[in-house]
Structures are given as structure tokens and as C-alpha cells.
Amino acid sequence: MLGISAGIAAYKIPSLVRLLKKEGASVRVILTPDAHAFVTPLTLSVLSQEAVLSSFVSEDTDNPVWNDHVALGNWADLMLIAPATANSLSAMAHAKCNNFLIATYLSARCPVMIAPAMDLDMYAHSANQKNIETLETYGNIVLPVGDGALASGLEGKGRMLEPQEILEHTIHHFYSQQPLLGKKVLITAGPTYEPIDPVRFIGNFSSGKMGYALAHQAADLGAEVHLILGPHSLDTDEAPFTIEEINTADEMHAAVFNRYHMMDFAIAAAAVADFKPRTLASQKIKKEIGTPAIELIPNPDILAQMGEQKKNQVLIGFALETENEVAHATNKLKRKNLDAIILNSLADAGAGFATDTNKITYIGKNEAPKSFSLKSKEEVAKDIWNEILT
Ligand code: PMT
């Protein structure tokens with residue numbers, strides 16, 4: 001959402017719209033009524049490919065239509081006000097809702113970035129500086145001004161940053177909110193089922209919730225996420241990432257190594273069955289034959305192989321323990337060549353399999369273990385990504 005107030009720098013905003021569009025942004029423009037004198041709605045509409053709004057009510061119709069500033073304020077991921085005149089800064093600082101731009105600003109729930117532009121003494125005036133400070137206390141991001149020739153003929157501070165500089169601040173803002181933007185993340189989750197016969201399997205109690213929460217958080221942080229998920233009953237309809245469903249450890253192994261080489265991060269939250277039956281009975285085993293002996297053979301240790309093949313990936317494992325937890329987890333961290341391991345213990349009530357909560361200790365390579373309290377798996381996923389990224 002780009003708000004333009006009535007300063008001479010407004011003539012540069014069409015090129016900012018072009019730069020933002022080139023980066024893939026959807027741009028909607030609001031002009032204050034007086035800004036029309038500096039830049040035309042038609043130019044901005046052509047470049048943004050959207051109607052440009054200025055007033056609370058559309059004027060060019062027999063049936064006036066209310067322009068919904070509340071919906072616009074909620075639509076935006078970022079509101080950028082450039083140029084922001086002394087008058088607009090004052091109205092924003094004091095909630096003086098005297099035009100459509102200020103009403104949208106007051107309704108916006110997204111971050112707001114402001115590029116002030118005015119003459120030397122206006123910018124330096126204590127009243128204006130106080131307004132800027134006030135806006136910063138509201139959490140608004142106030143960009144610096146340029147130093148140089150001003151429209152009045154004076155020289156000094158007050159120029160709006162150039163469109164390219166504003167674009168860079170915008171990109172930086174999104175990257176700082178989404179540190180995984182442009183990164184690829186692979187996550188394994190859930191159990192594996194190792195079939196004995198057409199109706200029976202060896203499995204475990206994993207629900208996939210922990211891995212799903214990690215995948216969701218990674219997507220929220222901007223990553224392109226691929227989740228390899230064992231048998232589950234999660235509602236995945238709204239997942240903002242791709243999901244590949246598998247049943248057995250061998251299928252999970254194949255799915256992982258199809259992609260692992262392309263990944264920036266990999267987290268193994270799955271509870272992979274360590275063993276599988278040597279043979280798969282083609283028919284249901286009948287109880288009349290007596291109690292069968294099922295010979296087991298080892299499954300591949302997927303995470304250990306990921307550790308062996310690790311190049312630039314950040315590789316994180318889980319350890320589900322029942323005793324001597326930190327020692328066992330640290331051993332796995334080293335043996336599997338991991339960057340960190342997340343320990344959860346079945347000795348802790350509310351932790352581990354199938355619960356909506358977990359209690360973890362994060363053990364980074366060469367770092368002291370860091371323990372967290374019992375939290376929802378969504379909150380635990382945030383803590384884990386926080387640790388990975390710091
Ligand atoms: O799915 P939920 O119900 O939400 O439960 C979450 C969880 C308890 C399953 C999860 O938090 C967890 O601890 N996952 C790992 C469980 C496990 O198998 O731990 P492990 O200590 O046996 O294995 C160590 C690591 O090696 C794990 O990262 C595991 O994915 C991996 N592994 C193990 C065996 C194997 N053959 N291949 C592997 O890749």
C-alpha cells in the first residue's frame with residue numbers, strides 16, 4: 001500500500017511503483033487530494049494496474065461507492081508513505097483523520113514505513129522532529145532523508161530518499177521479517193509403518209504434529225518448504241507448503257534423497273522405525289498357524305546418511321529419549337554429523353508423541369544444552385527456528 005502526500009518528490013513515485021512491481025509486489029496507491037497536483041492518478045493506475053484512490057467515496061458514478069479504508073489497511077503487508085509531508089506526519093502522529101490516506105494509515109495492521117520529504121527548516125523544526133519521534137514510538141519505520149539540493153534552492157537535509165533507496169529499505173524490511181526467504185527447507189515428520197502382512201504393520205505413536213509445526217513456522221519465515229510425512233490424521237488442507245506422503249522408512253529414505261542435495265536446511269522430526277520385517281507375507285497371517293516369529297532387519301538410518309552426505313546444508317535431528325537424555329542426544333549429534341539436535345524425553349509429562357505440547361532441550365554443536373518449558377508444538381517450533389537462526 002503506497003500512500004503519496006502532496007510534496008514535490010511525488011513526481012518520483014511512478015518509478016518507485018515500477019521498481020516495486022518489478023520485484024513482484026502487488027501495489028495499490030492512495031493519493032492525498034493535494035498530491036494530484038504533483039502526480040496523476042492515471043500514471044499511477046497504469047503502472048500499478050490498480051485503481052488509485054483518493055477519497056472516501058468514488059466520485060465518477062451515479063451511485064457513490066464507499067471506499068473501504070479498513071479493508072485496504074488490512075490488505076497490505078506493508079504501508080509505505082512516500083513522500084510524507086510535514087502535514088501528513090503531523091496528522092499521522094495525532095490521528096487527525098482528515099483524508100483517505102490518514103484513515104487507511106490509522107486502519108493499517110501491517111508495518112508502516114515512512115519516507116519524509118520537506119524543506120530544510122521544516123524538516124529540522126522541533127515540532128516536526130517531535131512528530132517523527134512520536135511515529136517511531138508507534139512502531140512506524142521512519143526512513144532517513146537525503147542531504148542535498150532542495151526544491152526551494154536551499155541545500156541540506158529534507159530530500160526524499162531516491163526510489164531505488166526506498167526499494168532497498170522495503171526489501172530489507174521483508175528479509176528481516178522473513179529470514180528464510182529464498183531458502184529451501186526439508187522436514188521429515190510422523191511415523192513410518194513397516195508392513196508385516198496386508199493388514200498389520202510395525203509402527204509407533206508419532207502423529208506428525210511436531211514436524212508439521214516446524215514446517216509451518218519455516219513457511220511463515222519465508223522458506224520454500226517440503227514436508228515428507230508418514231501416515232497421519234492431520235488436517236493438511238491449508239498447508240502453505242508441499243507435502244509428500246510416504247508409508248515406510250524405505251519410501252522416506254527415497255523421498256529425502258531425491259531432494260536433500262538442493263536444500264539449505266533439513267530437520268528430521270520423523271520417528272522412523274529402526275527395523276522392518278525381513279519378509280512381507282502376501283496373505284493375512286492366520287492365527288491358526290500359531291504365534292509367528294517375525295524376523296527383523298534394520299532400516300536405513302536416514303539422518304545418519306544425511307550427515308554423511310552433508311555439504312552446505314544445516315542439518316538438525318531429533319532425539320527421543322527415556323533416560324540419560326543429554327548424553328544420548330549429544331552422542332547422536334556427533335555420530336550423525338548434525339549441526340544441532342532437539343531432545344525430547346518421554347520422562348516429561350506432555351512431551352513427545354501425539355501430544356499438542358512438547359518440552360525440548362536444544363543442543364547446538366559445541367554449545368551448552370538450552371532447555372525450554374512445556375509449550376504448544378507451534379510455540380516449540382518458533383523456539384527451534386529461533387535457535388537455528390541465531
Ligand atoms: O509426531 P509427534 O506426535 O508430534 O511427536 C514428535 C516426536 C516425538 C516424534 C519428535 O519430537 C521426535 O522426537 N522425533 C524423533 C523420534 C526418533 O525417532 O528419535 P530417535 O532418537 O530414535 O532418532 C534420532 C534421529 O534420527 C531422529 O531425527 C530420527 O528422525 C532419525 N532417524 C532415526 C532412525 C532412522 N532409521 N532414521 C532416521 O532418520
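For the numbers below, each heavy atom of this structure counts, side chains included, while hydrogens, waters and symmetry mates do not. Counting convention: from 1, in listed order, for ligands and their atoms alike.
- Counting the atoms of ligand 1 from 1 in the order shown, those under 4.0 Å from a heavy atom of P300 are 35 (C), 36 (N), 37 (N).
- Between G317 and ligand 1, no N or O atom pair is found at a separation short of 3.5 Å.
- Here I302 has heavy atoms under 4.0 Å from ligand 1 in both its backbone and its side chain.
- Looking only at protein heavy atoms, the nearest one to atom 5 (O) of ligand 1 is G352 O, 3.4 Å.
- Using 4.0 Å as the threshold, K336 has a heavy atom nearer than that to some atom of ligand 1.
- Applying the 4.0 Å criterion to heavy atoms of D274 picks out, from ligand 1, the atoms 34 (C), 35 (C), 36 (N).
- One side chain, Q164 or E168, offers a donor N or O that lies under 3.5 Å from an acceptor on the other.
- If you number the atoms of ligand 1 from 1 as listed, the ones under 4.0 Å from a heavy atom of A354 come out as 2 (P), 3 (O).
- Of all the heavy atoms of M306, none lies under 4.0 Å from any atom of ligand 1, so neither backbone nor side chain is involved.
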**OP:** Check the pair S107 / N74 against side-chain hydrogen bond (donor to acceptor under 3.5 Å, both in side chains), numbers first and verdict last.
**Re:** CA-CA 7 Å; S107 307; N74 286 336; over 6 Å; no
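- Those atoms of ligand 1 with a heavy atom of A269 less than 4.0 angstrom away are 9 (C), 10 (C), 12 (C), 14 (N), 15 (C).
- Atom 22 (O) of ligand 1 has its closest protein heavy atom at K332 NZ, 4.1 Å.
- In terms of protein heavy-atom proximity, atom 35 (C) of ligand 1 is nearest to V272 CB, 3.5 Å.
- With a 4.5 Å cut-off on side-chain heavy atoms, L296 and R278 do not count as touching.
- Under a 4.0 Å heavy-atom criterion, D301 is in contact with ligand 1.
- Near A319, meaning under 4.0 Å from one of its heavy atoms, ligand 1 places the atoms 21 (O).
- Counting heavy atoms closer than 4.0 Å to ligand 1, residue S207 contributes atoms from both its backbone and its side chain.
- Residue-ligand proximity, M210 to ligand 1, at heavy-atom distances under 4.0 Å covers atoms 4 (O), 6 (C), 11 (O).
- Looking at H232 and S207, their side chains never bring a donor and an acceptor atom within 3.5 Å of each other.
- Among all heavy-atom pairs drawn from T32 and S5, the shortest one is OG1-CA, 3.5 Å.
- For the residue pair N299 / H253, no side-chain donor-acceptor distance below 3.5 Å is found, with atom types taken as modelled.
- Heavy-atom contacts of A268 reach the following atoms of ligand 1: 27 (C), 28 (O), 30 (O) (cutoff under 4.0 Å).
- At a cut-off of 3.5 Å, with distance as the only test, a side-chain donor of Q49 or K21 sits close to an acceptor on the other residue.
- For atom 19 (O) of ligand 1, the closest heavy atom belonging to the protein is L320 N, 3.5 Å.
- Between S206 and ligand 1, a contact under 3.5 Å exists for at least one N or O pair.
- When hydrophobic clusters are built by joining Ile, Leu, Val, Met, Phe, Trp and Tyr residues whose side-chain heavy atoms come closer than 4.5 Å, directly or via intermediates, I384 is not grouped with I228.
- Given atom 11 (O) of ligand 1, the protein heavy atom at minimum distance is N344 OD1, 2.6 Å.
- With hydrogens and angles left out, the side-chain atoms of S376 and D356 include no donor and acceptor closer than 3.5 Å.
- Remark: of the listed residues T134, L89, N131, N131 is the sole one forming a side chain to side chain contact (heavy atoms under 4.5 Å, CB included) with H94.
- A donor atom on one side chain and an acceptor atom on the other are not found under 3.5 Å apart for T192 and N247.
- Here atom 30 (O) of ligand 1 lies nearest to A270 when heavy atoms of A213, A329, A270, A249 are compared.
- Of all protein heavy atoms, the one closest to atom 18 (O) of ligand 1 is A271 CA, 3.5 Å.
- Residue, atom and distance of the protein heavy atom nearest to atom 31 (C) of ligand 1 are L303 CB, 3.7 Å.
- Close N/O approach between F205 and ligand 1 is not found [any backbone or side-chain N/O within under 3.5 Å].
- Of all protein heavy atoms, the one closest to atom 27 (C) of ligand 1 is F318 O, 3.1 Å.
- Here the side chains of E224 and F241 are not in contact, with every heavy-atom distance at 4.5 Å or above.
- Of the N and O atoms on the side chains of H226 and E244, at least one donor lies less than 3.5 Å from an acceptor on the other residue.
- For ligand 1, the atoms sitting less than 4.0 Å from at least one non-hydrogen atom of K377 are 2 (P), 3 (O), 4 (O), 5 (O), numbered in the order shown with element in parentheses.
- Side-chain contact check for E321 and S345: no donor-acceptor pair (N or O, by modelled atom type) lies under 3.5 Å.
- In R335, the CZ atom is crowded: over 12 heavy atoms of neighbouring residues, nucleotides or ligands sit closer than 6.0 Å.
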